[in-house]
S.K.: 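The structure is given below, and queries will be raised subsequently.
Every number for a ligand or one of its atoms is a count from 1 in the order of the listing.
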Amino acid sequence: MKKLLVILLLLLVFPQSVLAHTGLESSSPSTDETLQNPVTEITMKFNTELQPLSTFDVTVNGSDKVPIDKVTVSGATLKGILKEPLTKGTYTVNWKILGEDGHIVEKSYSFRVDAKIPETTTHGQPAPKETPAAAAAAPDAAQSKQAPQESVSPSGIAAVVGVLFLIILGAVLMKRRNS
Ligand SMILES: [Cu+2]
């Protein structure tokens, strides 16, 4: 009984261990970014470590899935290499991660790519090469901060209700024993 009360007390003192889920901190490409260069990989940084089953997929213009070669999880980073570079369209990254606390969190964000694809059918003439200046000007790999958009999930509410129930149950049992 004493042990149970200690656990309940700890849950009350550190409620964030029950309520705070893992969330996306930054990504490359970032949310709503428009890129002028083809995108070859997607990297997401989260605010806690991720568990191995975490993954994501990418859709283009709200429908077709884009093939991803490999998704890797390393610490708090989720990274995927695309089979073919993304060149034109609105891409949506749908991530589904297993956080440090064992909760599944799933959300999505979008970015746009409007890359100039070199012409290859100009009668033997080589395609115009991109100048280094143009390449440097592209806002590639920007790690921009995002406002946390996390909401309390039903599992978080269930955890709080469960804890409250246990406290009331504990109090009732204690009272019975004392009387
Ligand atoms: Cu959680």
S.K.: Nearest 0.5 Å please: distance from the NZ atom of Lys96 over to the NZ atom of Lys107.
M.R.: 13.5 Å
S.K.: For the Cu ion (ligand 1), find the closest N/O/S atom on His21 and give its atom name.
M.R.: ND1
S.K.: Using a strict threshold of under 4.0 Å (side-chain N to carboxylate O), is an ion pair present between Lys79 and Glu41?
M.R.: yes
S.K.: Is any side-chain heavy atom of Val93 less than 4.5 Å from a side-chain heavy atom of Phe111?
M.R.: yes
S.K.: For N/O/S atoms only: which one belongs to Asp101 and is nearest the Cu ion (ligand 1)?
M.R.: OD2
S.K.: Mind checking whether Trp95 and Ser108 have side chains closer than 4.5 Å, heavy atoms only?
M.R.: no
S.K.: With the Cu ion (ligand 1) as the reference point, give the N/O/S atom of His103 that is nearest.
M.R.: ND1
